[in-house]
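Below is one structure, written out as C-alpha cells, with a few remarks after it.
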Number of protein chains: 2
Amino acid sequence: MVTQSEGPVLFGSPYQADCPARRILDRIGDRWTVLVVGVLADGEARFSQLSRRIEGVSKKMLTQTLRGLERDGLVRRTVYPEVPVRVVYALTDAGRTLCEPLRALQEWAIAHLGDVAASQEVYDRAN
Amino acid sequence: MVTQSEGPVLFGSPYQADCPARRILDRIGDRWTVLVVGVLADGEARFSQLSRRIEGVSKKMLTQTLRGLERDGLVRRTVYPEVPVRVVYALTDAGRTLCEPLRALQEWAIAHLGDVAASQEVYDRAN
DNA sequence: CCGGATCCCCTAGGATACTG
DNA sequence: CAGTATCCTAGGGGATCCGG
C-alpha cells in the first residue's frame, strides 16, 4: 500500500511555490487558526467569546488569526452597528469543510495519544 | 448540523493539560514533522535522502524532528554499523496510521486552494 | 465591546564548523 | 555519511495603551 508512482502523491517537493502541502501547512501550522476553527465549528461566536474559550490567546493573535481566516474566505465577519458594536464570527461553507479533516486529526490524537505517551516514557528512560 | 451537545466537542477547551487538541497541535503544528512523515510514507529513507527531498530543512531541524518522531514511536531509526555508518528511518505501524488524516488534509488543500486564493485576491482588492 | 498601534523580549531555527 | 556544538539574528507574539 505504501507504493506510489506518479501524480501528486504524498507531499511532493515541499518547496514548489504551488505545492499544496506548503500552503496548507502555512495555514494550519499555526495553532490559533486550528483552535479558532474548532470553536467556530460549534457555531458562531463573538470576539470576546472566542477570547474566553481559547484560553491563552492574546487579542493581537486572535485578531490576526481571524483576519487571516476571513481573507481566506473560511470565516465570515459580521458587524452589527449597535450601541456598543457587536461583531459575530462564523465559519463559511468553505470553512466548514475544513472541520472534517481536522476532526480526523483529532480522532487520531485521541486514539493514539496513549501509545505516544507510553513510547515517550520508554524512550526517556533509555536516555 | 452545526449543533453540538456533549462529548469531546471538536477542540474543547484548548488549555486543559490532557486536551488532545493541544498534543496533536504540538506535533503536527510543526511543518517539518508533517513533511518528514509525508516523505516516509513512500518508504524508508536515509538521513541524506530526507535532507534532499525536503528542500530547505537544516540538519539541525531534521535531526530534531526525527528524534521527536522516534520518541513518539512514530518513526523507527535503524543504524547499520558499516564502514560509513548507514542510518535508515521508517514509519512504524503507528506512524503509518497518521498518514491517513494527513492525506485528508492534503486533499482538502488541493480541493480548496483555488477558492482560498480567489478569496484572498478579492479581500486584498477591497483593502 | 472590538480591535488598532507600539514597544520589546525571547527563542525557534538557520549557518557554519567540527567529530566519529 | 550522520550527526553534534556554537553562534547569532529575524520576527512571532505578549503586554499595554488608545480610539471608535
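The distance between atom CG of Leu35(A) and atom P of dG13(D), rounded to the nearest whole Å, is 12 Å. If you take OH of Tyr80(A) and P of dG3(C), they are 14 Å apart, rounded to a whole angstrom. Whole-Å rounding puts the Arg46(B) CZ to dA2(D) C1' distance at 9 Å. Glu70(A) has its CD atom 15 Å from the C1' atom of dG4(C), to the nearest Å. Between Arg31(B) atom CZ and dA12(C) atom P the separation is 16 Å, expressed in whole Å. Counting to the nearest Å, the C1' atom of dG4(C) and the CG atom of Leu62(A) are 14 Å from each other.
When the side-chain nitrogen and oxygen atoms of Ser58(A) are compared with OP1 and OP2 of dA15(D), none of them lie within a distance under 4.0 Å. Close to dA2(D), at under 4.0 Å from its OP1 or OP2, lies no side-chain N or O of Arg86(B). In this structure, Arg77(A) does not reach the dC2(C) phosphate: none of its side-chain N or O atoms is under 4.0 Å from OP1 or OP2. Distances shown here put every side-chain N or O of Tyr89(B) at or beyond 4.0 Å from the OP1 or OP2 atom of dC1(D).
What you find for Leu91(B) and Arg76(B) is that their closest heavy atoms are O-NH2, 3.8 Å. For the pair Ala90(B) and Glu44(B), the tightest heavy-atom approach, listed with the atom from each and the gap, is CB-CB, 3.8 Å.
In this structure, OG1 in Thr97(A) is found 5.5 Å from CH2 in Trp108(B), a value given to the nearest 0.5 Å. To the nearest 0.5 Å, atom CG of residue Asp124(B) and atom CD of residue Gln120(B) are 6.5 Å apart. How far CG of Leu40(B) is from CG of Leu98(B): 11.0 Å, rounded to the nearest 0.5 Å.
Thr92(B) places none of its side-chain heavy atoms less than 4.5 Å from the side chain of Val75(B).
Counted within 6.0 Å of CD on Glu121(A), heavy atoms from surrounding residues, nucleotides or ligands total 12 or fewer; the atom is thus considered open.
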Test Glu107(B) against Arg103(B) for salt bridge (Lys or Arg N to Asp or Glu O under 4.0 Å), laying out the working first. CA-CA 6 Å; Glu107(B) 266 155 31; Arg103(B) 191 180 310 272; 5.3 Å; no

Review item, side-chain donor-acceptor pairs of residues 56-65 of chain A, under 3.5 Å, at least two apart:
residue  : atom : partner  : partner atom : Å
Ser58(A) : OG   : Met61(A) : N            : 3.3
Thr63(A) : OG1  : Lys59(A) : O            : 2.8
Thr65(A) : OG1  : Met61(A) : O            : 2.7

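Taking five base pairs at each end of the helix from dC1(C)-dG20(D) to dG20(C)-dC1(D), the local helix axes there meet at an angle of 50°, rounded to 10°.
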Going 5' to 3' through nucleotides 4-12 of chain D, assign each nucleotide B (protein heavy atom under 4.0 Å from a base atom), S (under 4.0 Å only from sugar-phosphate atoms) or - (no protein heavy atom that close). S--------

